[in-house]
Each structure stands twice: as C-alpha cells, then as structure tokens.
Amino acid sequence: MEDTRQAAWWKEMAVYQIWPRSFCDGNGDGVGDLWGVLQKLDYIQKLGADAIWFSPLYPSPNADYGYDIADYKDISPDYGDLELFKEVLKQAHARGMKVFMDLVINHTSDEHAWFKASQESKGSPYHDYYYWRPGRRPGKAPNNWKSVFEGGAWEFSEKLQEYYLHVFAKKQPDLNMRNPAVREEVKSVMRFWLALGVDGFREDVITYIAKREGLPNGFPLPIGTGLEHYTSLPAVKDYLREFKDEVLAPAGAFTVGEAPMMTPTLAKEYITEGAGQLLNMMFHFQHMEADCFLTDWIPMPFRLKKLKRAFTRWQTELRGVAWNALYLENHDHPRIISRYGSEKYRVESGKMLAAAYLLQSGTPFIYQGQELGMTNQRLDSLEQFKDVVTFNNAKLFAKLGIKSERFLRIANRRSRENGRSPMQWSAAPNAGFCQGEPWFRVNPNYTEINAEAAEADTFSLLHWYRRMLAFRKGNPLVLYGEYTEHYKNSKHIYCYSRRREGSRLLVVCAFSEAPQRFCAPLGFDLLHATQLFGNYAPQIVQSNQFITRPYECRVYEWKDE
Ligand code: NOJ
C-alpha cells in the first residue's frame with residue numbers, strides 16, 4: 001500500500017530526552033541543572049538529535065521528582081531560573097534543535113497554589129479545580145479506587161471533612177478537567193511556554209485526564225483499582241480538541257501523549273492524520289512488556305515473540321494513517337541492555353537493540369545515557385532508593401510475605417531508578433556528573449562506561465548511535481519506507497525489512513548469545529547486498545545464510561531495480 005501520509009519535520013526528527021536531575025550538574029550542588037545542560041548541548045547535537053524533551057523543570061517538592069508541579073510557569077531553583085531556561089532555548093535553537101516541555105496536567109503538586117486554595121474552604125473558586133468529595137460514610141473514602149503509586153486514591157482533609165482524589169502519589173492531587181476554569185489554566189500554561197519559544201509538549205498520562213461521571217467503584221485490583229473509570233474516556237478527546245484548536249494548532253506545536261494501556265486501534269482515534277488528529281504521536285507501553293506482566297515490577301522471562309508482536313502490530317496498524325513514537329528507554333524503566341540485551345555483551349547487545357528500533361518507521365526517542373549503554377545498578381539497601389514507587393512496592397511486597405532481601409533483588413532489576421542514576425560523562429570522580437556529593441548514587445561502572453571513553457573509541461555505542469541517526473536523517477527509505485517483518489515465529493531473531501522505490505533494507509537482530517542460523521528471506525540476496533552496519537567484524541558472505549555471533553546485528557541494503 002502506498003503511504004499517503006505527508007512528510008513532516010516531526011516525523012524526520014530524532015529526540016533526546018533529558019531527565020534534568022541526573023543529566024549534568026553545572027553549579028556544584030550534586031543535582032543536574034540547566035547550567036549543565038548548556039555545557040552539553042554540543043554533545044546532544046553531535047549525537048544527531050534534532051530536539052530535546054525535558055522531563056519537568058518546574059518548581060516541585062519532588063515527591064515524584066518534578067511530576068508533581070508546584071508552579072507551571074517557572075523553573076525550579078534546583079535547575080536555574082527562567083532567564084537561564086531562555087538561554088538554553090536560544091542555544092538549542094541556534095544549533096537547529098527544538099525544545100519540548102513536559103506537560104503534566106492530570107495532577108499538580110499538593111503544594112501548588114491552586115490546591116492550597118482549594119482546601120481553604122468549600123466555597124473557594126479553586127475547590128472545584130480538584131476532585132473533593134465527601135466520604136461514603138464517616139471514615140470511608142468516596143469510592144474504592146486505589147492509587148497507582150501510594151495506597152488508596154483518596155486523602156482526607158480534617159479541615160474540609162472531605163477527601164481529594166490522587167491517582168498517583170498522595171502529593172499529586174488530580175485536576176478536575178471537567179471544570180472549564182481548569183482547562184483555561186492549562187491553555188494559559190501552554191501559551192506561556194509557546195510564547196517563550198518552546199516547540200511542543202510531551203503530555204504526561206494524557207489519557208487519564210477525564211474521570212467517569214459519578215466516580216463509580218472500580219474492579220478490585222492490588223493497585224490502580226478504578227482505572228477503567230479514568231483511562232481513555234471519550235471526554236479526553238474533547239479536551240484535547242479544545243487544546244489543539246485554541247492553542248496548539250495555531251502555534252504549530254508538536255505533541256506526543258503518554259498513554260498507558262494503549263492499543264493501536266485506540267491510538268488511531270487520537271493520532272490519525274487529518275482533520276480529526278489530536279496529537280502527533282503517542283507513547284504506548286506494549287513493547288515494554290516483553291519481560292514483565294503489565295508492570296515492570298512483575299517480572300517474567302523475556303520473550304522475543306512478545307516484543308516482535310508489539311513492534312510489528314504498531315508498525316503495520318499505523319501504516320499509512322498515523323505515526324509511531326519509537327523508544328526503548330525513558331525515566332520510567334530500567335535500562336534496556338539489562339532487560340532485553342545482555343550486560344555481558346553490553347556493547348554488542350546495545351548496538352543490536354539500537355538497530356532493532358531506530359530503523360523502524362517512526363520518530364525515535366533516545367534517553368540520556370542510552371547512547372552510552374548505561375546499565376542497571378545494584379543498590380545495597382532500600383535506604384539508597386529514592387522513588388515513591390519503590391517505597392510503595394516495598395510495603396506491598398512485604399504484605400505478600402516477600403522478604404526484604406528478595407525485594408531488594410527485585411528492585412535492583414525492576415525499579416525505574418535504574419534509569420535515573422547520574423549520567424556518566426567521564427572516569428573522573430562521580431562520573432564527571434558533579435563536583436560535590438551527587439543526589440543519587442553514581443553507577444560504579446562509570447570508570448568503564450562513560451561518554452569520554454565512548455568518544456575515544458570509534459567502535460563504541462555512542463559512535464554507533466551517531467552513525468545510525470545520521471543514516472536515518474533525510475533518508476526516505478528509513479523515514480517513509482514500508483515495513484515488513486520476517487520469521488515472525490523465530491524466538492531468537494528479529495528480522496524486518498524496509499522498502500521504498502527500489503531501495504530495500506534488511507535488519508537482522510539476534511536476541512541470543514547462542515549461535516543461530518539465519519537464512520535471508522526469499523528475495524533478499526546477501527551476496528549482492530551492501531552491509532551498512534554490523535556489530536562484529538564483517539565476514540565474507542558465501543551463501544545466503546550465516547550463523548549469528550552473540551547478539552549480532554547486521555543491516556543490509558539493496559539499491560536494485
Ligand atoms: C508518567 C511519568 O512519566 C512518570 O514519571 C510519573 O511518575 C507519572 N506519569 C505521574 O506523573
């Protein structure tokens with residue numbers, strides 16, 4: 001089928017995600033900041049990124065490290081101030097890079113002025129900014145919902161004798177988007193950043209922003225009870241339409257929405273191109289569940305077939321109608337090499353994983369440190385962790401009778417803090433991330449895994465990412481070519497091809513340490529192909545097959561017909 005979608009800058013870009021607290025400390029307080037970002041803009045540009053997405057930079061008490069916002073129109077003093085942000089924006093733009101902010105509008109911090117005013121009195125105009133409800137009876141929350149992060153979803157105020165709703169942590173009260181005044185505030189926030197010159201937004205849990213009328217009881221679950229009453233309700237689209245028509249479209253702003261439990265069929269209701277489009281693209285989670293059940297915290301053995309099914313489903317179902325957001329890492333997941341690859345074959349498997357997703361159809365997102373092949377770290381005790389989710393799970397797992405040593409092992413593999421250890425810039429103390437005491441432990445493997453070492457080694461992952469992104473850039477075959485998966489049933493090899501106007505690409509990825517025999521699919525003649533990428537020394541191809549080395553990947557190209 002010929003692809004009728006329009007070319008667009010946001011399809012052709014690659015995005016680098018910065019989680020600011022752990023990126024680079026420029027003022028010596030142990031916390032990453034915008035002074036640090038300024039020092040590293042050249043690094044990001046050299047990687048081949050066309051845009052930066054900043055995880056929240058706003059003032060926040062950090063109950064959820066910035067995803068609990070206390071002021072939407074300012075920069076946290078931890079990171080700098082508005083003037084410094086403007087300088088970062090200017091410098092990024094001067095390098096041809098766009099800047100996207102994280103827009104967290106499902107909830108605020110309980111330290112936001114709106115929330116403080118909302119709990120002053122039931123008569124406050126801010127009271128209806130949030131979901132304040134009386135209990136079903138004394139001592140009983142308004143419904144049975146449980147939060148995703150921290151126990152029950154309702155917190156009681158003695159003063160008001162009412163409960164407020166928090167789908168995430170207690171310090172993250174949910175905004176009542178049904179209230180037009182709240183939507184006006186959201187639009188005002190968007191306008192504020194767009195007026196400064198920001199190019200778009202990553203929209204946090206955007207499919208949660210509408211709650212079912214009457215807030216009925218939910219199906220009982222260990223966490224997240226009630227989610228069927230606040231996930232992807234029809235009103236989400238009404239709100240997004242309003243934001244788009246009134247603010248985002250006139251400004252030409254880019255949007256990517258984060259959407260837990262999203263399927264391609266449902267996603268198309270939001271991202272199908274044309275008049276009805278509400279977001280440019282969506283972050284779904286299906287390919288992040290190949291080694292777990294629903295959440296990272298319920299580990300399962302890695303199953304390549306599950307991963308491939310998710311990849312191919314999104315590639316084929318969006319083909320010709322909508323655009324994919326491609327990612328393997330962000331601040332909410334453990335490191336991908338430690339999950340789907342191999343720490344033993346760190347560089348090899350890291351390269352293979354990069355090829356597995358960067359050459360698909362869609363816009364790639366690269367998370368800080370992914371390009372260096374950073375891995376999970378092993379903390380020695382629960383006290384060293386930082387995240388509300390880990391602490392909540394410690395309690396939940398203890399209730400299930402799981403001993404603390406076992407919990408520590410699970411947390412070390414599965415907590416999202418694995419993705420939040422400070423960026424490893426060099427072999428200097430604290431990985432060159434900061435001068436003083438870092439806010440969070442630096443992974444001790446920084447002496448070996450760091451940007452300076454990667455820069456010096458032309459076979460490093462960093463160079464591989466640069467080469468792949470350079471190859472993708474402006475390449476119509478990678479950007480717009482048709483995607484076909486081969487050998488769907490293989491448990492060890494992910495193989496896909498791209499085709500466009502006589503050019504073809506074949507990507508072969510071995511998710512296996514053990515040797516696998518790979519026979520090129522019918523119509524792909526390796527003897528007459530050019531090998532563009534390989535994570536091992538090239539071998540002379542003597543037939544249309546080869547035996548893979550651990551985590552081998554090869555990319556072949558044909559410019560035929
Ligand atoms: C998704 C964000 O990516 C995550 O970090 C955050 O904890 C939740 N949304 C709540 O805002």
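Counting convention: from 1, in listed order, for ligands and their atoms alike.
The proximity of Tyr65 to ligand 1, defined as any non-hydrogen pair under 4.0 Å, does not occur for either the backbone or the side chain. If you look at Arg420 next to ligand 1, the close heavy atoms, those under 4.0 Å, all belong to the side chain.
Below 4.0 Å from some heavy atom of His107 lie the following atoms of ligand 1, by number and element: 10 (C), 11 (O). Within ligand 1, counting atoms from 1 as listed, the ones closer than 4.0 Å to a heavy atom of Phe149 are 7 (O). Every atom of ligand 1 is numbered from 1 in the order shown, and the set under 4.0 Å from a heavy atom of Arg416 is 4 (C), 5 (O), 6 (C), 7 (O). Of all atoms in ligand 1, listed by their number and element, those nearer than 4.0 Å to a heavy atom of Glu258 are 1 (C), 3 (O), 9 (N). In the vicinity of Phe168, heavy-atom distances shorter than 4.0 Å reach the ligand 1 atoms 10 (C). Listed by number with element, the atoms of ligand 1 under 4.0 Å from a non-hydrogen atom of Arg202 are 2 (C), 3 (O).
Here the heavy atom of the protein found nearest to atom 3 (O) of ligand 1 is Asp332 OD2, 2.4 Å. Protein heavy atom at the shortest distance from atom 11 (O) of ligand 1 is Asp204 OD2, 2.8 Å.
In this structure, a donor-acceptor pair under 3.5 Å is absent between the side chains of Gln172 and Asp110. For the residue pair Asn445 and Gln424, a side-chain donor N or O sits within less than 3.5 Å of a side-chain acceptor on the partner. For the 3.5 Å distance criterion, the side chains of Ser22 and Trp439 qualify, holding a donor opposite an acceptor.
In this structure, Tyr67 has its ring center no closer than 6.0 Å to that of His107. Between Trp132 and Tyr126, the ring center distance fails the sub-6.0 Å criterion. Under the 6.0 Å cut-off for aromatic ring centres, Phe115 and His166 do not qualify, their centroids lying 6.0 Å or more apart.
Partner Trp193 forms a ring pair (Phe, Tyr, Trp, His ring centres under 6.0 Å) with one of Tyr58, Tyr72, Phe54 and no other, that one being Tyr58. A ring pair (Phe, Tyr, Trp, His ring centres under 6.0 Å) with Trp53 is found for one member of Phe201, Trp10, Phe283 and no other, namely Phe283.
When Asp64, Ile206, Val148, Val389 are checked for heavy-atom proximity to atom 10 (C) of ligand 1, Asp64 turns out nearest.
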